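Here the structure comes first, spelled out in structure tokens, and everything after it is commentary.
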Amino acid sequence: MSLTRRLILSAAVLMTFFLGLTGLALDRAFVNSQLAGQSERLFIRVFNLLSVAELDDITLSLPRFLREDRFNSRESGLIGIVLDAKRQSAWESQSSEWFTELEWLRAKPNLAAGGEEFGAYGDYVYQRNGFVWEDATGHDRYFEFWVLEDAQPFKRSIQTFRRQLWGGLGAVSLALLLVMFLVTAWGLKPLRQLTQHLNRIRTGDADQLIGQYPKELTPLTDSLNQLLKAEQNQRERYRKAMADLAHSLKTPLALMRTLSAGDQAVLNEQVDRMDQIVRYQLQRAVTDARSGPVLGQRCDLHAAVTRLGKALEKAFHSEDKVLDLPENGTTLFVAMDSNDVLEVLGNLIENGFKYGRSVISVGYEQRTEEPNMVLVHIDDDGPGLSELAREQVLTRGKRFDTIQPGHGIGLAMVNDILASYRVELNIANGPLGGARFSLTLPIAR
């Protein structure tokens, strides 16, 4: 059952219960009010009869014709009767000629002196009062005054009230249910909007929950957006990792193609390197991006550059190109993972081999103003990069050269790795006439 139906059904049940109780209370109050009013009117008529009654010796007499015409008319529905102590008629109004319930009146027991009774019987409502007179002989005489009135007008008024009451309550219930439905629809509109946005995300038309939501739903939508963002980032990391893995394996594979049957040591080295690359890229795919250097990470910069240089020189041995490496007499450690260093410098030096004409140079520079950093330059004597190309070359999949093989992800991968260490890659014109890639790496202490 939908949430809207549950709310409407609950409201209908509660409304029926409370409005039903309200209707019963109003009905009872109205009936009691009508009975009280009817009793009061009949009581006044009893005293009107009493006011014109006279006791002559031992006989009670009342006028044959009374001032209230309804007592004088046979079809008026208003009847007056006086009974004595023996339940015999001492006086009857002209309107009692067709009254058929006289025996029932006589069968009722006498009231106590000063007593009264109001009730209904058959088609009549009645009021009776008992009075005692002292006759001429000094004896008490008991007389019972009855006033009966046709109950049909009384019943019709109650029926009319009940029709109006329950009809009105029914109309109010329908109106309240309609208002409740509209209020519920308005109140649940953010949930329907949330459902629509989730369906759009499921069908791929959107990637985030958008729009303004009530403050009660904001924690939910924020959590869902965070979850969606994390899932998208994880998926993007997997995609990038697979592309980076393919890109990273190109150099070892190219080198292995150039090996002869006797280069078993080099082959084993490249197989180990490929195994490291696979494990490294898979690890990057399932871990979050770093926000800076990790404590305890160390990599011998010169050893990594030398290792890369030997491998790339063999891979590009058929081309007449020279790699100029610095002569570093002291060991220089940088605060980076060795695999990250090999990925970054390997891509940059490989690009130098691809686009340089004859010379590729790697240099280090330590500045006095930054004693904890080392500036690394990779230069080539190729055509270089224009200002526009420098801004766009770091975009994943963007290539400015279609002659050399590649997918345009090497420099983007380099930029991603460096960004995780908060290191910026700068591209400028180098002293050899081609491009210069510069990066400032933190020194491990």
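Predicted model only: the values in this text are computed from it and were never measured. Computation of the quantities below employed the complete heavy-atom set of this structure, encompassing side-chain atoms and omitting hydrogens, waters and symmetry-equivalent molecules. Along the sequence shown, residues carry numbers from 1.
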Atom pair CG/CG of Leu348 and Leu418 - distance to nearest 0.5 Å: 7.5 Å
ring-ring contact (aromatic ring centres under 6.0 Å, His included) partners for Phe181, two or more places apart: none
Any side-chain donor near an acceptor of the partner, Arg87 and Asn110, under 3.5 Å: yes
Donor-acceptor pair, side chain of Ser93 and main chain of Gly80, under 3.5 angstrom: yes
Under 3.5 Å donor-acceptor, Asn225 side chain and Leu209 backbone: yes
Asn32-Gln34 side chain donor-acceptor pair, cut-off 3.5 Å: no
Donor-acceptor contact present, side-chain Asp340 to main-chain Met336, <3.5 Å: no
Beyond-backbone contact of Arg74 with Gln94, side-chain heavy atoms, under 4.5 angstrom: no
Greater than 12 external heavy atoms within 6.0 Å of Gln88's CD: yes
Any side-chain heavy-atom pair of Gln196 and Arg200 under 4.5 Å: no
Chi angles and distances behind the side-chain contact (heavy atoms from CB on, under 4.5 Å) call for Trp146, Val82: CA-CA 6 Å; Trp146 284 75; Val82 179; over 6 Å; no
Audit row: Tyr364, Val305, side-chain contact (heavy atoms from CB on, under 4.5 Å) steps and yes/no: CA-CA 11 Å; Tyr364 314 139; Val305 171; 3.5 Å; yes
Steps toward side-chain hydrogen bond (donor to acceptor under 3.5 Å, both in side chains) verdict (Arg156, Gln159): CA-CA 5 Å; Arg156 281 195 299 270; Gln159 291 173 353; over 6 Å; no
N/O donor-acceptor pair under 3.5 Å between Ser76 side chain and Asn72 backbone: no
Inter-residue atom distance Leu345.CG - Leu301.CG, 0.5 Å rounding: 6.5 Å
Atom of Leu308, atom of Gly346 and distance for their closest heavy-atom approach: CD1-N, 3.4 Å
Leu425 side chain near Phe437 side chain, heavy-atom distance below 4.5 Å: yes
Ser33 (side chain) donor-acceptor with Ala29 (main chain) under 3.5 angstrom: no
Over 12 non-hydrogen atoms of neighbours within 6.0 angstrom of CD in Glu40: no
Note: Asp27-Arg162 ion pair, threshold 4.0 Å (strictly below): yes
Arg192 side-chain N/O to Ala185 backbone N/O, donor-acceptor pair under 3.5 Å: yes
Euclidean distance, Asn351 CG relative to Ile378 CD1, rounded to 0.5 Å: 10.0 Å
Side-chain H-bond candidate by donor/acceptor type, Glu365 with His377, under 3.5 Å: yes
Check: Ala389 main-chain N/O paired with Ser386 side-chain donor or acceptor under 3.5 Å: yes
Pair Ser89-Glu92, side-chain donor/acceptor within less than 3.5 Å: yes
Distance flag, aromatic centroids of Trp104 and Tyr124, threshold under 6.0 Å: no
CA sep, side-chain torsions, deciding dist, call: Phe145, Gln127, side-chain contact (heavy atoms from CB on, under 4.5 Å): CA-CA 8 Å; Phe145 283 71; Gln127 172 75 31; over 6 Å; no
Side-chain (Asp300) to main-chain (Ala303) donor-acceptor, under 3.5 angstrom: yes
Greater than 12 external heavy atoms within 6.0 Å of Lys155's NZ: yes
Flag, side chain of Ser51 to backbone of Asn48, donor-acceptor distance under 3.5 Å: yes
Value rounded to 0.5 Å, distance of CG in Leu441 from OH in Tyr421: 10.0 Å
Leu342 vs Arg307, side-chain contact (heavy atoms from CB on, under 4.5 Å): CA-CA, chis, key distance, verdict: CA-CA 9 Å; Leu342 291 173; Arg307 178 182 175 184; 3.9 Å; yes
Backbone of Arg70 reached by a side-chain donor or acceptor of Ser73 within 3.5 Å: no
Minimum heavy-atom distance Gly23-Leu169, with the two atoms named: CA-CD1, 3.5 Å
Full working for salt bridge (Lys or Arg N to Asp or Glu O under 4.0 Å) between Glu134 and Arg141: CA-CA 6 Å; Glu134 184 178 347; Arg141 298 283 181 177; over 6 Å; no
Validation row: Asn347, Leu411 side chains within 4.5 angstrom (heavy atoms): no
Modelled atom types, side-chain donor and acceptor of Tyr142 and Glu144, under 3.5 Å: yes
Closest non-hydrogen atom pair, Asp150 against Pro153: O-CD, 3.4 Å
For Leu111 against Gly130, the heavy-atom pair lying closest together: CD1-N, 3.9 Å
Separation of Ser95 OG from Ile81 CD1 (nearest 0.5 Å): 8.0 Å
Min side-chain heavy-atom separation Val344-Leu439 under 4.5 Å: yes
Phe143 ring center near Phe131 ring center (under 6.0 Å): no
Pairwise side-chain contact, Leu148 with Tyr121, heavy-atom cut-off 4.5 Å (strictly under): no
Ile443 vs Met373 side-chain heavy atoms within contact, under 4.5 Å: no
Heavy-atom closest contact (Val125 atom, Gln38 atom, distance): CG2-NE2, 3.6 Å
Asp123 vs Gln152 side-chain heavy atoms within contact, under 4.5 Å: yes
Atom pair CG/CD1 of Leu178 and Ile8 - distance to nearest 0.5 Å: 9.0 Å
Which atom of Glu350 lies closest to which atom of Leu312, heavy atoms considered: N-CD1, 3.8 Å
Any donor-acceptor N or O pair under 3.5 Å, side chains Tyr126, Glu149: no
Ion pair Glu116/Arg128, N-O distance below 4.0 Å: no
